[in-house]
Undergrad: 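The structure that follows is given in the form of structure tokens.
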Amino acid sequence: MLMKADPTQQLQPAADEGTPVSVRIRERLLAARKRFHSNDNIAEFIEPGELEALLEEVESRMQGVLDSLVIDTASDHNTGDTARRVAKMYLNEVFRGRYTRPPSITEFPNAEHLNELMIVGPITVRSACSHHFCPVIGKVWIGVMPNEHTNVIGLSKYARLAEWVMGRPQIQEEAVVQLADLIMDKTQPDGLAIVMEASHYCMAWRGVKDMDSKMINSVMRGVFLKDAALRREFLALIPKRNGN
């Protein structure tokens, strides 16, 4: 006698089968009640292999954008692989700071009890405006006032931290605050000062098309905020911001 198959015993398709990888990542973020704004890092919510799948998804979406722009990518030898190139550029290069974990930073104790002003810069930084995805390119100067408990990190590590923070769609005002928060957390100094000067191509390439305007802003923490003389010393020691 034939027995009817128990439907509960039948193999069920995987819950996420056919679901875009971006949706799966987004669902994890929502379940954890984590923010995922353009300048947030979401690396801890991306599982092994998903970044490659996300690249394929972005390529497909970018191809749709090119099609909507009425560009014949099938016949145009210049744009045949543009969707793939743009997807790789966004995920692996210019927005890499969203999808990768922070750089490994080796910290050393302040064995010599250094307590004098240290300035690092200019560090060249590259980002993109979160309003139009146009380049933001500039320089950063970082001033640190250590104490005996401050963690000492190599000079190149300041550049790596800056690159990680700037490698996301940003606005300059928020980017400098994010970088300050990160360095304060890593080094625990008595004070931190950051000045950033950058050209914004959302202003130079479009809109008013002003090629010469730059934005300069700063963040002061700890003793730099309280001690006007120290703040003046830091600003005076920064070379002319044209890089000379």
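Residue numbers start at 1 and run along the sequence shown. For the numbers below, each heavy atom of this structure counts, side chains included, while hydrogens, waters and symmetry mates do not. What you are looking at is a predicted structure, and each value in this text was computed from that prediction instead of being measured.
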Undergrad: Can you see which heavy atom on Ala128 is nearest to which on Phe95, and at what distance?
TA: CB-CE2, 3.6 Å
Undergrad: Quick one: does Gln172's side chain get under 4.5 Å of Ser127's, heavy atoms only?
TA: no
Undergrad: Show the nearest heavy-atom pair for residues Phe224 and Gly143, with the distance to one decimal.
TA: CE1-O, 3.8 Å
Undergrad: Would you check if Thr82 and Ile71 make a side-chain contact, meaning some heavy-atom pair closer than 4.5 Å?
TA: no
Undergrad: Honestly curious: do Met89 and Val65 fall in one hydrophobic cluster under the side-chain, below-4.5 Å linking rule?
TA: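 Same cluster: Met89 reaches Val65 through Ile, Leu, Val, Met, Phe, Trp or Tyr contacts under 4.5 Å.
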Undergrad: The test is side chain to side chain contact (heavy atoms under 4.5 Å, CB included); show your working for Glu163 and Arg96 and say whether it passes.
TA: CA-CA 9 Å; Glu163 180 183 36; Arg96 180 178 173 82; over 6 Å; no
Undergrad: For Ser22 and Leu54, which heavy atoms make the closest approach, and how far apart are they?
TA: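 Heavy atoms of Ser22 and Leu54 come nearest at CB-CD1, 4.0 Å.
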Undergrad: Which residues pass the side-chain contact (heavy atoms from CB on, under 4.5 Å) test with Arg35, sequence neighbours left out?
TA: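 Listed in chain order: His37, Asn39, Asp40.
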Undergrad: Going by heavy atoms in the side chains, are Gln170 and Val136 under 4.5 Å from each other?
TA: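 No, their side chains stay 4.5 Å or more apart.
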Undergrad: Given the rule that I, L, V, M, F, W and Y join up when any side-chain heavy atoms are under 4.5 Å apart, are Val94 and Met196 in one cluster?
TA: no
Undergrad: Output yes when Glu47 and Arg24 qualify as a salt bridge under the 4.0 Å nitrogen-oxygen rule, no when they do not.
TA: no
Undergrad: If hydrophobic clusters are built from ILVMFWY residues whose side chains come within less than 4.5 Å, do Leu179 and Ile137 share one?
TA: no
Undergrad: Rounded to the nearest 0.5 Å, what separation is found between the CG atom of Leu55 and the CG atom of Asn92?
TA: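 Reported value, rounded in 0.5 Å steps: 5.5 Å.
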Undergrad: Would you call Trp205 and His132 a side-chain contact if the rule is heavy atoms closer than 4.5 Å?
TA: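 When only atoms from C-beta onward are counted, His132 and Trp205 do not touch, as no gap falls below 4.5 Å.
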Undergrad: Roughly how far, to the nearest 0.5 Å, is CG of Asn147 from OG1 of Thr187?
TA: 9.0 Å
Undergrad: Taking atom CZ as the centre, does Arg61 end up with more than 12 heavy-atom neighbours from other residues, nucleotides or ligands that are less than 6.0 angstrom away?
TA: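 Count not over threshold, so no.
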Undergrad: Using the test ring pair (Phe, Tyr, Trp, His ring centres under 6.0 Å), find all partners of Phe36 that sit at least two apart in sequence or belong to another chain.
TA: none
Undergrad: Do Tyr201 and Ile171 land in one hydrophobic cluster if side-chain heavy atoms of ILVMFWY residues count as linked below 4.5 Å?
TA: no
Undergrad: Report the distance from atom CG of Asp210 to atom NE2 of His200, rounding to the nearest 0.5 Å.
TA: 12.5 Å
Undergrad: Distance check, rounded to the nearest 0.5 Å: Lys186 atom NZ versus Leu192 atom CG?
TA: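 Reported value, rounded in 0.5 Å steps: 14.5 Å.
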Undergrad: Considering only NZ, NE, NH1 and NH2 on the basic side and carboxylate oxygens on the acidic side, decide whether Glu56 and Arg84 come within less than 4.0 Å.
TA: yes
Undergrad: Between atom CZ of Arg160 and atom CD1 of Ile123, what is the distance when rounded to the nearest 0.5 Å?
TA: 11.5 Å
Undergrad: How many angstroms lie between atom CD1 of Ile25 and atom CG of Leu51, to the nearest 0.5 angstrom?
TA: 7.5 Å
Undergrad: Apply the test side chain to side chain contact (heavy atoms under 4.5 Å, CB included) to residues Met215 and Met203: give CA-CA distance (whole Å), side-chain angles for both, the deciding distance (0.1 Å), then the verdict.
TA: CA-CA 11 Å; Met215 179 178 178; Met203 187 175 179; over 6 Å; no
Undergrad: Run Ile183 and Leu161 through side chain to side chain contact (heavy atoms under 4.5 Å, CB included) and show every step you take.
TA: CA-CA 8 Å; Ile183 295 174; Leu161 292 174; 4.3 Å; yes
Undergrad: Using side-chain heavy atoms (C-beta onward) and a distance below 4.5 Å, is Val177 in contact with Arg221?
TA: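 In contact.
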Undergrad: Should Leu235 and Val195 count as side-chain neighbours, where that means a heavy-atom distance under 4.5 Å?
TA: yes
Undergrad: Which residues pass the ring pair (Phe, Tyr, Trp, His ring centres under 6.0 Å) test with Tyr99, sequence neighbours left out?
TA: none
Undergrad: Check whether Leu225 and Ile119 end up in the same hydrophobic cluster, where Ile, Leu, Val, Met, Phe, Trp and Tyr are linked by side-chain heavy atoms less than 4.5 Å apart.
TA: yes
Undergrad: Taking all atoms of both residues into account, what is the closest heavy-atom pair of Arg168 and Ser38, and its distance?
TA: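 Looking at all heavy atoms of both residues, the shortest contact is CB-O, 3.8 Å.
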Undergrad: Please lay out, stage by stage, how Trp164 and Asn41 fare under the test side chain to side chain contact (heavy atoms under 4.5 Å, CB included).
TA: CA-CA 9 Å; Trp164 186 67; Asn41 178 273; 3.4 Å; yes
Undergrad: Report yes if some heavy atom in the side chain of Glu44 is under 4.5 Å from a heavy atom in the side chain of Arg101; otherwise report no.
TA: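 Side chain of Glu44 against side chain of Arg101, heavy atoms only: contact under 4.5 Å found.
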Undergrad: Ignoring hydrogens, what is the shortest heavy-atom contact between Leu182 and Val165? Give both atom names and the distance.
TA: CD2-CG2, 3.8 Å
Undergrad: Locate the shortest heavy-atom distance separating Ala204 from Met211; write the atom from each residue and the value.
TA: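 Heavy-atom minimum between the residues: O-SD, 3.4 Å.
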